[in-house]
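Here's the structure we're looking at; comments come further down.
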Amino acid sequence: MSDSTISGDSRNHQKLTHLITEARALAGENLCYTGHLWTGEGTGGRACPRGGNGSQPVYICQRCGEYDYGYPGGPGYDACKSGECGCHD
């Protein structure tokens with residue numbers, strides 16, 4: 001199996017998972033009533049929302065598909081506050 005097939009399979013799995021999550025949410029299920037299941041989304045990121053020079057990691061909830069945009073209480077904000085991404089206080 002080639003690398004492109006593996007990465008294609010991974011994208012298809014992500015799309016299917018997202019569709020299942022959307023269906024569950026439309027059915028009224030609260031997927032994250034116990035909290036989000038954050039995971040980093042690959043490498044890179046976005047500019048520091050607090051004005052730093054670093055690159056803030058991007059996180060996505062594996063249950064509901066919500067993205068963390070660096071708001072207080074989320075993992076992106078915590079990464080900046082801890083200095084993990086090169087940001088400053």
Side-chain angles (χ1 to χ4, degrees):
M1 189 177 292
S2 70
D3 287 342
S4 62
T5 302
I6 292 171
S7 64
D9 288 346
S10 177
R11 279 192 301 275
N12 288 337
H13 181 265
Q14 288 176 339
K15 288 178 185 178
L16 180 58
T17 300
H18 182 73
L19 288 172
I20 291 168
T21 299
E22 282 184 347
R24 290 172 65 191
L26 287 171
E29 187 175 340
N30 183 353
L31 303 173
C32 293
Y33 67 91
T34 60
H36 292 289
L37 181 61
W38 298 114
T39 186
E41 189 178 64
T43 59
R46 60 183 158 250
C48 174
R50 298 173 42 196
N53 297 322
S55 176
Q56 184 188 57
V58 176
Y59 294 91
I60 185 169
C61 176
Q62 291 301 299
R63 287 190 193 113
C64 70
E66 182 176 324
Y67 280 87
D68 167 63
Y69 290 101
Y71 298 119
Y77 182 86
D78 292 343
C80 277
K81 191 149 179 77
S82 71
E84 176 183 328
C85 60
C87 298
H88 58 78
D89 276 332

Closest non-hydrogen contact found for H36 with R63 is C-NH1, 3.8 Å

Check for a donor-acceptor pair, side chain of D68 on one end and backbone N or O of G76 on the other, with a separation under 3.5 Å.
yes

T39 OG1 to Q62 CD distance, which is reported to the nearest 0.5 Å:
5.0 Å

Separation between CG (D78) and OH (Y59), nearest 0.5 Å, reads 8.5 Å

